[in-house]
Amino acid sequence: MQRSIPHADLRALPSVDDVLQREAARKWLEFLPRETVAGLVRAAIGRLRSSIIAGGGGETNPLHAVEGDIASNVNRLLRSTPRRVINASGVILHTNLGRAPLGARALRAISETAGKYCSLEYDIEHGKRGQRDAHCGELLETLLGRPAIAVNNNAAAIFLVLNELARDGHVIVSRGELVEIGDGFRIPDILGASQASLTEVGATNRTHLEDYRSAIGPGTKALLRIHTSNFRMVGFTGRPALGELAELARAASIPLVEDLGSGCMADLSPSGIVEEPLVTDSLEAGVNVVTFSGDKLLGGPQAGIIAGDADLVARFRRNPLFRALRVGKLTLAALNATLIDILTGNESGIPALRLARLSRDDLNVRAERFANRLTANAEFDADVVDGESVLGGGSTPMQGLPTALVALSPTAALSARDVERNLRASDPPVIVRIEKDRVLLDLRTVFETEEDDLFAALCSAAGKR
Ligand SMILES: *Cc1c(COP(=O)(O)O)cnc(C)c1O
């Protein structure tokens with residue numbers, strides 16, 4: 001069916017040249033190439049034309065409408081991103097918010113390394129080509145007691161390990177561990193990409209040592225254990241102890257690989273997080289190869305660490321995929337600095353660990369102070385209530401960390417949704433939780449230096465200021 005097109009509105013559209021001759025365009029041309037600006041103008045006119053044809057009607061001042069559209073695109077293009085956000089959600093290792101914030105030593109290392117030349121692959125002592133993995137290898141080996149290498153992330157680590165050990169062979173995995181970690185990371189998919197086949201054993205809730213034993217055949221290249229980090233099964237469940245599995249693997253001369261996910265290197269029991277296994281526990285139990293992330297409980301940059309038997313780690317290093325999955329100088333500088341903090345026991349220098357260790361009492365003092373400030377200065381009805389922070393990053397699924405939350409009740413004018421949206425639109429954006437139509441602020445993940453910004457964002461979110 002033919003739709004009648006409002007010709008007058010289409011005729012009123014400006015030409016690209018009309019727009020380019022205006023004052024606003026001259027300003028954009030001072031810092032953007034002419035073709036870029038012309039492209040933005042054409043696209044903006046095109047959008048207005050489509051909206052007219054779709055029946056949206058013309059603008060009273062099409063030139064202004066086009067200029068406004070271009071201006072918001074120019075602003076977006078030139079704003080640095082990813083942007084800093086204030087994380088008031090209480091999720092410490094929030095994957096969508098960049099997981100572990102880096103500590104001072106790591107930041108210093110990055111800025112010193114990145115703005116100048118560095119010894120990334122240069123052996124200063126001998127004046128010749130050096131090894132990229134020398135930078136973290138020795139520290140990791142000192143901390144873990146096994147040789148180790150770093151790749152781009154834990155998914156890459158598992159991919160490389162399985163490709164090297166099990167290409168064209170079988171890997172045995174318990175059905176209770178075939179999990180999706182989030183973001184579409186699934187073990188069967190990684191296995192497929194590594195050209196290894198999956199042999200599933202056991203039942204979803206229980207897998208016995210015997211299940212593994214009877215599945216081992218001539219094509220079996222590895223046993224894979226996965227730390228089921230983001231969900232928990234309760235009830236009639238069970239799986240063999242790591243030590244038993246290691247013994248079975250050793251007797252069959254097949255390597256046992258464990259994907260630890262979070263890779264806890266520091267004992268977190270003082271903060272009540274007792275369920276995260278330590279990397280060294282796995283290695284001591286006889287696991288041949290462990291893999292884990294650099295930006296979860298290690299508290300460093302995005303990376304994947306592979307540690308284990310010397311002969312196996314040497315094979316991973318020689319696999320051509322290691323070159324494809326290697327980390328850059330920024331990562332190595334930050335990882336090296338974070339590992340120095342761990343080795344020297346400077347855990348308060350690693351933000352993720354420091355935040356995990358804050359006690360409910362510490363947080364209660366801050367929450368009370370902040371709630372008082374809000375009720376005194378803005379039209380918020382703020383209380384302090386008990387709640388739980390979350391470690392996140394696929395660790396300790398059900399274990400929360402006791403915290404004190406600032407709870408904002410809705411006002412006559414604004415619902416919790418309104419406040420949440422206004423906070424996201426502030427600069428820097430603030431990310432909060434909503435529960436039962438109340439906005440909840442968890443100061444555990446808000447740095448003390450950010451409290452004034454948070455306060456200002458809340459005042460303007462409430463329509464004050
Ligand atoms: C987080 C996680 C991964 C993925 O790690 P990335 O570093 O994000 O690639 C893999 N396995 C487990 C068990 C995890 O928890």
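Counting starts at 1 for both ligands and their atoms, following the listed order. In what follows, residues are counted from 1 in the order of the sequence shown.
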**Q** For ligand 1, which atoms sit closer than 4.0 Å to a heavy atom of R99?
**A**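 Going through ligand 1 atom by atom, the ones under 4.0 Å from R99 are 6 (P), 7 (O), 8 (O).
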**Q** State, without any angle test, whether N87 and S89 hold a side-chain donor-acceptor pair at a distance under 3.5 Å.
**A**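 Distance-only check passes for N87 and S89.
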**Q** Mind checking whether E177 contacts ligand 1 via backbone (N, CA, C, O), side chain (CB onward), both or neither, at a 4.0 Å heavy-atom cut-off?
**A**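 None of E177 does.
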**Q** In terms of side-chain geometry, is the basic nitrogen of R84 or D453 positioned less than 4.0 Å from the acidic oxygen of its partner?
**A**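 A salt bridge links R84 with D453.
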**Q** A155 to ligand 1: N or O pair under 3.5 Å?
**A**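 For ligand 1, there is an N or O atom that lies under 3.5 Å from one belonging to A155.
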**Q** Could you list the atoms of ligand 1 found under 4.0 angstrom from a heavy atom of H227?
**A**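 Answer for ligand 1: 13 (C).
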**Q** Establish, yes or no, whether the cationic atom of R373 lies under 6.0 Å from the six-membered ring centre of F455 and within 45° of the ring axis.
**A**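 Geometry flag: set, cation within 6.0 Å and 45°.
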**Q** Counting from 1, what ligand 1 atoms have a heavy atom of G261 closer than 4.0 Å?
**A**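 Close to G261: 12 (C), 13 (C), 14 (C), 15 (O).
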**Q** Is the closest basic N to carboxylate O distance between D259 and R225 below 4.0 Å?
**A**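 Salt bridge between D259 and R225, a charged N being under 4.0 Å from a carboxylate O: no.
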**Q** Which atom names give the shortest non-hydrogen contact between N336 and L139, and what distance separates them?
**A**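 Looks like ND2-CD1, 3.4 Å.
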**Q** Closer than 4.0 angstrom, basic N to acidic O: yes or no for R433 and E420?
**A**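 No, no charged N to carboxylate O under 4.0 Å.
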**Q** Could you tell me which atoms of ligand 1, counted from 1 in the order shown, lie closer than 4.0 angstrom to a heavy atom of S293?
**A**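 Answer for ligand 1: 5 (O), 6 (P), 7 (O).
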**Q** Which option wins on minimum heavy-atom distance to atom 11 (N) of ligand 1: N152, L260, D259?
**A**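 Answer by nearest heavy atom: D259.
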**Q** Under 3.5 Å between any N/O of K296 and any N/O of ligand 1: does that happen in this structure?
**A**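 For ligand 1, there is an N or O atom that lies under 3.5 Å from one belonging to K296.
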